Undergrad: 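I'd like to ask you about the structure that follows.
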Protein chains: 2
Amino acid sequence: MAGASYPGSMNTPDDDWLRLDQQICFSLHAASRAFNGVYRQILKDLGLTYPQYLVMLVLWEHDELPVKKLGEHLRLDSGTLSPLLKRLEAAGLVRRERSARDERSVEVRLTEEGVALRARALQVPRRIASSTGFGPEEVRVLRARIDELTTALDAAAALAEPQGGSPATGPS
Amino acid sequence: MAGASYPGSMNTPDDDWLRLDQQICFSLHAASRAFNGVYRQILKDLGLTYPQYLVMLVLWEHDELPVKKLGEHLRLDSGTLSPLLKRLEAAGLVRRERSARDERSVEVRLTEEGVALRARALQVPRRIASSTGFGPEEVRVLRARIDELTTALDAAAALAEPQGGSPATGPS
DNA sequence: CGCCATTCAATTGCACACAACTGAATTGTG
DNA sequence: CACAATTCAGTTGTGTGCAATTGAATGGCG
C-alpha cells in the first residue's frame, strides 16, 4: 500500500485524471443515450427500437443470415439477439428457421413485411442527420475517429480477458 | 427500382444515407459498449459497475447531493437511480436519508467506506487511458466533438417531444 | 463405431435505461 | 385556511446487454 504523497506534485495529479476521465467516458455514455433518445422518437412510427433497427439495417443488406453472423456484424451475442429476434418475429418482420444443413444454426430471414418496411425506413437517416446538424463528411470523419477508439478498446479488452493471455497485472 | 434521381440536386440519396446511418449509429453504439466492457473489467476490482462508477465520480466531487441533482449531473432519472443507489447503499458506499427541510427529497451521502474507495479508484482513469491509446489532447478533441453531437441531439429531442412546444407552436 | 471437444441458440440471472404511474410533500392561489 | 398544481422519489413493465449455463448437434480422433 503505497502511501500517496502529492501536495506539490508537478505530474498530472490523479485527481485531475479522475476529472478528465469523467468527461470522456461520460461524454460517450451521454452521446449514446442521446442518440438512442432521438432514434426512439423517430423509430416509434416504425414500431422498432434502436437495437431492432440496427438488426433490420443488417438484414436489409443481407436478406438471410444465421444468428451467429448477425451477432458478428453487430457484436451482440445470442443472449441479446434471441429475445430481440423473437420480438421481431412476433411483429411479423422476420422468420426464424433452423438450418437444414446444420441443425444448430438458425437462419433469420426477412418477411415481405420486413422487406417493405425498408421503404419507410429510408427517411430515418435524413431525420437523424438533420437532428445532428452534421453533414455527410462530418459524420464520416467522426465515425472514423470513434471506430479507432472502439478498435483500441476491443484490443485492450481482448488482451486482458481471454484464457490465452495472462494479464501481468493481477488483481491485488 | 427505387433509384429516384434528383435532377439538379447533389444531395446524398436516401440509400447512401441509410448506409451511412448504419455506420454512424452502429459506431457510436459499439463504442459505448466497448467502453463499457473495458470499464467492466477494471471496475470489477472495486465492485462497481460502470454507471455506479459514474455516480461515485459525482459524489466524490460533491460528497452530499439530493437524488434530483445527481440525476441532472448524469442525465438519469429516478427510475434508473433509485435501484442503483439502493445497491450502492447495500454495498455500504452511500447512505440515503430523507431531507429534513423537504421530505420529498432524499439526500445521498458517501459513507467513510465510499470516501475511502476513491483512493483505489484513482488508478482507473490511467488504465482506461492506456486502453484507448489516445493522448490527452486527442481525447479532448474527440470529447468536444461528441459533446457537440449530444447537444444537438438533445436540442432536437427537446423540440420534438414536449407537451407545450410542438414545432408549430414553437417560438419563432 | 464410440467418445469427446467444440459450436450453436436458447435460457437464466443481474444491472441498467426509460416511459408511465403512484403517492407523499410542497407550493401557489384565492 | 382550503384546494389544485407541481415536485420529488419510488415502483412497474418493457427492452436491451452481458456473463454463465444448458442442451442439442456437429466434427475430430482413435
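By convention in this document, chain letters (A, B, ...) are assigned in the order of the sequence lines, proteins followed by strands, and residues within each chain are numbered from 1. Worth saying up front: this structure is predicted, and the values here are computed from it rather than measured.
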Undergrad: Would you say that B/L84 contacts B/P51 through its side chain, given a criterion of any heavy-atom pair below 4.5 Å between the two side chains?
TA: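 Side chain of B/L84 against side chain of B/P51, heavy atoms only: contact under 4.5 Å found.
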Undergrad: Can you measure B/N36 atom CG to C/dC14 atom P for me and round it to whole angstrom units?
TA: 19 Å
Undergrad: When you measure from the side-chain N and O atoms of B/R33 to the phosphate of D/dC18, is any distance below 4.0 Å, counting only OP1 and OP2?
TA: yes
Undergrad: Going by number, which of residues 46-65 of chain B have a non-hydrogen atom under 4.0 Å from DNA chain C?
TA: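 Those residues are B/T49, B/P51, B/Q52.
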Undergrad: May I have the distance from B/F26 (atom CZ) to D/dG17 (atom C1'), rounded to whole angstrom?
TA: 14 Å
Undergrad: Can you tell me the distance, in whole Å, between the CG atom of A/L70 and the P atom of C/dA10?
TA: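 Interatomic distance, CG of A/L70 to P of C/dA10: 11 Å.
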Undergrad: Set out, line by line, the N/O atom pairs under 3.5 Å between protein and nucleotides 1-6 of chain D.
TA:
none

Undergrad: Choosing from D/dA25, D/dA9, C/dA10, which nucleotide comes nearest the side chain of A/V106?
TA: C/dA10
Undergrad: What I want to find out is whether A/R127 reaches A/D45 closely enough, with some N-O distance under 4.0 Å, to be called a salt bridge.
TA: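 Answer for the salt bridge query: yes.
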Undergrad: Verify the contact: side-chain N or O of A/R96 to OP1 or OP2 of C/dA10, cut-off strictly under 4.0 Å; return yes or no.
TA: yes
Undergrad: What's the shortest heavy-atom distance between B/L65 and B/H73, and which atoms?
TA: CD2-CD2, 4.0 Å
Undergrad: Rounding to a whole Å, what distance do you find between A/K68:NZ and C/dA9:C1'?
TA: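 So the NZ-C1' distance, A/K68 to C/dA9, works out to 11 Å.
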Undergrad: Could you tell me how far apart A/R101 (CZ) and D/dT26 (P) are, to the nearest whole angstrom?
TA: 12 Å
Undergrad: Do NZ/NE/NH1/NH2 and the carboxylate oxygens of B/E89 and B/K86 come within less than 4.0 Å?
TA: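 Between B/K86 and B/E89 there is no salt bridge, as every charged N stays at least 4.0 Å from the carboxylate O atoms.
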Undergrad: Between A/S32 (side chain only) and A/L28 (backbone N and O only), is there a donor and an acceptor less than 3.5 Å apart?
TA: no
Undergrad: On DNA chain C, nearest-nucleotide positions of A/S105 versus A/R40: which is more 5'?
TA: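 Its nucleotide being nearer the 5' end, the pick is A/S105.
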Undergrad: Please determine if A/D154 and A/R75 form a salt bridge, counting it only when a charged side-chain N lies under 4.0 Å from a carboxylate O.
TA: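 Salt bridge flag = yes for A/R75 with A/D154.
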Undergrad: With a 4.5 Å heavy-atom cut-off, do A/E138 and B/R145 have their side chains touching?
TA: yes
Undergrad: Quick one: are the ring centres of A/H29 and B/Y50 less than 6.0 Å apart?
TA: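 Under 6.0 Å, so yes.
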Undergrad: Is the distance from OP1 or OP2 of C/dA17 to the nearest side-chain N or O of A/H29 less than 4.0 Å?
TA: yes
Undergrad: Taking C-beta and beyond as the side chain, do B/L54 and B/V58 meet within less than 4.5 Å on heavy atoms?
TA: no
Undergrad: From OH of B/Y39 over to P of D/dA19, roughly how many Å is that when rounded to an integer?
TA: 18 Å
Undergrad: Just how far, in rounded Å, is P of D/dA9 from CD of B/E103?
TA: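 Value for this atom pair: 13 Å.
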Undergrad: Without swapping roles, check the side chain of A/W60 against the backbone of A/L117 for a donor-acceptor pair under 3.5 Å.
TA: no
Undergrad: Evaluate the side-chain proximity of B/V94 to B/R109: yes if any heavy-atom separation is below 4.5 Å, no if none is.
TA: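 Contact flag for B/R109/B/V94 side chains = no.
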Undergrad: Expected output is a numbered-order residue list: members of residues 71-89 of chain B with a heavy atom under 4.0 Å from any atom of DNA chain D. What is it?
TA: B/S78, B/G79, B/S82, B/K86
Undergrad: CD of B/E97: more than 12 outside heavy atoms within 6.0 angstrom?
TA: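 Yes, the 6.0 Å shell around CD holds more than 12 heavy atoms from other groups.
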Undergrad: For the pair made of CD in B/E97 and C1' in C/dA25, what is the distance, rounded to whole Å?
TA: 18 Å
